[in-house]
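This report refers to the structure that appears directly beneath it.
Chain A is the first sequence line, chain B the second, and so forth, proteins listed ahead of strands; every chain is numbered from 1.
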2 protein chains.
Amino acid sequence: MNAPIGRLADSLTLPQPYLLFLGDTTEAGYAKTAFGLADWAADRCVGELGVAGCTVSAGLPRLSPAEARAAGARSLVIGVANQGGVISESWVAALVEAMEAGLDIISGLHTRLTSVPALVEASRHTGQRLIDVRTPPPSIPIGNGRKRSGKRLLTVGTDCALGKKYTALALHRAFVARGIDADFRATGQTGIMIAGGGIPMDAVVSDFEAGAAEILSPDAPDDHWDLIEGQGSIFNPAYAAVSLGLLHGSQPDVFVVCHDPSRRVILGMESFALPSIEEVIDLTIRLGSRTNPAIRCGGVSLNTSSMGVGEAEALIGAERRRLGLPVADPIRGGAAFDALVENCLA
Amino acid sequence: MNAPIGRLADSLTLPQPYLLFLGDTTEAGYAKTAFGLADWAADRCVGELGVAGCTVSAGLPRLSPAEARAAGARSLVIGVANQGGVISESWVAALVEAMEAGLDIISGLHTRLTSVPALVEASRHTGQRLIDVRTPPPSIPIGNGRKRSGKRLLTVGTDCALGKKYTALALHRAFVARGIDADFRATGQTGIMIAGGGIPMDAVVSDFEAGAAEILSPDAPDDHWDLIEGQGSIFNPAYAAVSLGLLHGSQPDVFVVCHDPSRRVILGMESFALPSIEEVIDLTIRLGSRTNPAIRCGGVSLNTSSMGVGEAEALIGAERRRLGLPVADPIRGGAAFDALVENCLA
């Protein structure tokens with residue numbers, strides 16, 4: 001990789017800014033990607049576009065594809081999903097119009113953009129790209145284990161789907177607010193759209209998993225931080241391969257353990273108890289020290305979304321005292337989160 | 001998977017018996033796959049075939065494709081490689097003739113069979129298949145962690161390329177010789193050709209790695225053993241994702257640590273010391289107990305090919321005393337290997 005220091009290779013980056021596409025969506029629950037982009041990448045979203053029947057909004061100006069292009073947009077992002085993750089018939093005309101206006105199309109849906117003949121044909125005659133963020137970039141190298149310059153933080157978890165992306169984004173925002181040169185490095189489809197680039201780590205062939213993590217956080221200046229979105233859990237019987245390849249290749253200096261205190265078993269696997277936070281700390285240090293002997297735990301991110309304020313604050317305090325580490329819920333922020341940020345940077 | 005108990009799904013099996021193809025090879029070193037098949041799957045090889053210039057032999061009868069078909073062969077296996085792993089121009093006519101005689105073609109070369117237009121055309125008009133054993137089967141499920149019936153042994157290693165396949169094959173042969181119902185489960189291309197099926201674990205998308213290992217060793221009778229070929233090492237900074245997914249999905253009852261005492265660093269990575277055998281035992285038990293709490297180490301397989309007999313025997317004895325476990329070189333066999341086999345079965 002000959003990318004400039006700290007910068008990702010072009011094959012890992014998406015064309016920005018975006019026009020957010022909301023389709024014909026009527027349920028906010030189906031527009032999570034759009035809301036995530038509006039929350040975390042508002043400065044790179046020029047507007048939103050729906051088709052007939054759409055009743056949701058991400059709070060951005062409504063623009064036609066041509067208006068969005070004139071405002072600087074380089075791509076249309078499909079910010080909604082429907083059941084089955086398919087590309088609805090009723091969306092196709094708007095997507096073709098966007099390509100004709102000069103926008104690439106970006107999708108994280110299960111259905112590939114290239115499986116829709118009308119989009120392939122429009123891509124051919126307009127020259128605009130169809131970008132599926134579930135598809136890893138070509139030519140990922142085998143990992144080499146070489147120590148890279150710059151600093152790295154990885155979010156890890158007691159399980160999947162409990163706040164690793166959100167925690168990395170919140171830490172990135174806090175680092176930047178403190179004047180630190182930092183990048184959020186995305187490893188899943190929503191994160192990739194927010195970051196404007198990244199690698200869908202769960203879609204990488206296993207032989208190349210660590211190598212993919214290596215190119216995702218390239219050499220950088222000594223005081224630069226990469227905040228890397230974790231995936232799965234080394235204790236998850238289905239996904240631990242993804243998590244270990246990402247841990248080895250990321251060679252983090254600091255990791256933050258993400259945990260949902262309401263969860264008792266691994267998601268969808270009743271017979272597997274959730275590991276304790278201490279077990280995750282211990283095993284992450286043991287495995288991570290293979291590629292970074294200086295790895296340490298920066299603290300714990302608790303997802304207390306199922307609790308009231310009082311209960312959450314009591315638990316955060318109790319866990320901090322029990323573990324002897326900063327503990328915070330990034331969504332609640334406050335002094336606890338500041339302490340977590342400071343300890344990661346210490 | 002609804003495969004009969006202990007049997008692999010049809011999508012994971014190769015058509016046997018084989019006709020071994022030796023191409024125009026003049027160097028024995030390029031015919032390792034053919035020699036491996038002649039060593040380990042002679043009962044499923046009806047003969048061998050070379051083209052003009054070929055001077056090597058696997059010691060099997062020379063047969064034309066038609067003669068091989070008449071003798072029961074169902075496929076031709078490319079048992080040789082050349083520099084670059086390409087399919088030589090001079091081989092194509094023989095491969096087409098084999099398809100016209102009713103044989104499928106099996107290859108483990110880097111170059112895909114389907115990249116050679118003449119072979120694709122012959123496949124179309126004969127209906128015979130072009131099978132690349134580097135390509136994983138379709139429709140691998142996500143792992144579920146469910147405990148399966150039957151017993152499993154996995155070979156693991158202090159590194160890659162030091163005898164995990166050979167050890168699993170030798171243990172399988174010894175188990176069968178003792179009257180035990182056992183299958184060798186292959187995870188790499190040469191092993192897959194020997195076994196007549198399997199999954200190239202390093203080519204599986206990482207999200208499906210554990211799930212692939214699960215379907216590779218399906219439910220089986222309680223006294224049945226699967227001897228599973230290991231891949232990589234959980235200490236290898238490039239390949240640990242493959243190794244951990246295979247360990248979790250295999251849920252082995254017993255593992256055997258494979259080690260080359262002449263190796264000091266990870267292959268191709270000067271800055272990474274080889275882990276000790278004890279470290280591999282300890283970490284394998286810790287990680288493997290996630291899906292099989294009863295996991296134990298059956299012993300150690302030493303690759304002493306670089307040593308004389310006296311030196312090898314002295315080292316095997318010293319390691320046995322030091323570790324308190326059976327230690328053997330399966331290639332040397334003898335009482336030490338018998339003790340290893342007995343302890344795996346204990």
Side-chain angles (χ1 to χ4, degrees), chain A residues 134-136 141-147 160 187-188 199-214 231-251 265-266 268-273 275 279 282-283 286-293, chain B residues 134-136 141-147 160 187-188 199-214 231-251 265-266 268-273 275 279 282-283 286-293:
Chain A
R134 287 177 186 263
T135 305
I142 294 284
N144 61 41
R146 183 181 62 76
K147 185 79 177 75
C160 49
T187 60
I199 300 179
M201 291 296 294
D202 61 1
V204 172
V205 167
S206 54
D207 222 16
F208 300 91
E209 189 72 2
E214 292 179 0
Q231 288 293 331
S233 166
I234 44 178
F235 286 89
N236 187 300
Y239 305 123
V242 179
S243 307
L244 181 56
L246 180 56
L247 175 60
H248 272 171
S250 296
Q251 51 183 226
V265 297
I266 294 289
M269 296 188 177
E270 286 297 322
S271 63
F272 287 91
E279 285 177 294
D282 188 63
L283 189 55
R286 179 150 180 202
L287 294 170
S289 62
R290 183 66 174 155
T291 55
N292 188 344
Chain B
R134 287 177 186 264
T135 305
I142 296 284
N144 61 41
R146 184 181 61 78
K147 185 79 178 75
C160 48
T187 60
I199 300 178
M201 290 297 295
D202 61 0
V204 172
V205 166
S206 55
D207 222 16
F208 300 92
E209 189 71 3
E214 291 179 1
Q231 289 292 330
S233 166
I234 45 179
F235 285 89
N236 187 300
Y239 304 123
V242 179
S243 308
L244 181 55
L246 180 56
L247 175 58
H248 272 173
S250 296
Q251 51 182 225
V265 297
I266 294 288
M269 295 188 179
E270 285 299 321
S271 63
F272 287 91
E279 285 176 294
D282 187 61
L283 189 55
R286 180 152 179 201
L287 294 170
S289 63
R290 185 66 173 152
T291 55
N292 188 343

When only heavy atoms count and the cut-off is under 4.5 Å, which of residues 243-251 of chain B reach chain A? B:Leu244, B:Gly245, B:His248
Largest heavy-atom contact set with chain A, pairs under 4.5 Å, which of B:Asn236, B:Thr291, B:Asp202, B:Ile266: B:Asp202
Any idea which heavy atoms bring B:Leu283 and A:Leu287 closest together, and the distance? CD2-CD2, 3.8 Å
In chain order, what residues pass the side chain to side chain donor-acceptor pair (under 3.5 Å) check against A:Ser289, with sequence neighbours excluded? none
Counting only non-hydrogen atoms closer than 4.5 Å, does B:Glu270 touch chain A with its backbone (N, CA, C, O), its side chain (CB onward), both, or neither? neither
Please name the pair of heavy atoms, one in A:Tyr239 and one in B:Ile142, separated by the smallest distance, quoted to 0.1 Å. OH-CG2, 3.5 Å
After noting the C-alpha distance and the side-chain angles of B:Val205 and A:Val204, does the key distance pass the side chain to side chain contact (heavy atoms under 4.5 Å, CB included) rule? CA-CA 5 Å; B:Val205 166; A:Val204 172; over 6 Å; no
Could you work out, with salt bridge (Lys or Arg N to Asp or Glu O under 4.0 Å) as the rule, every residue matching B:Arg134, not counting sequence neighbours? none
Looking only at heavy atoms and a cut-off of under 4.5 Å, which of B:Gly211, B:Pro237, B:Pro275, B:Pro136 has the most pairs with chain A? B:Pro237
Tell me the closest heavy-atom pair linking A:Ala210 and B:Ala238, and the distance in Å. CB-O, 3.8 Å
Testing the basics here: between B:Ser206 and A:Glu209, what is the closest heavy-atom pair and its distance to 0.1 Å? OG-OE1, 3.0 Å
Taking all heavy atoms of A:Phe235 and all of B:Arg290, pick out the closest pair and write down the distance. O-NE, 2.6 Å
Under 4.5 Å heavy-atom distance to chain A, tell me which part of B:Ala273 shows up: side chain, backbone, both or neither. backbone
Interface moiety of A:Ser271 toward chain B, non-hydrogen atoms closer than 4.5 Å: neither
List for me each residue that meets side chain to side chain donor-acceptor pair (under 3.5 Å) alongside B:Asp282, sequence neighbours excluded, and say none if there are none. A:Arg286
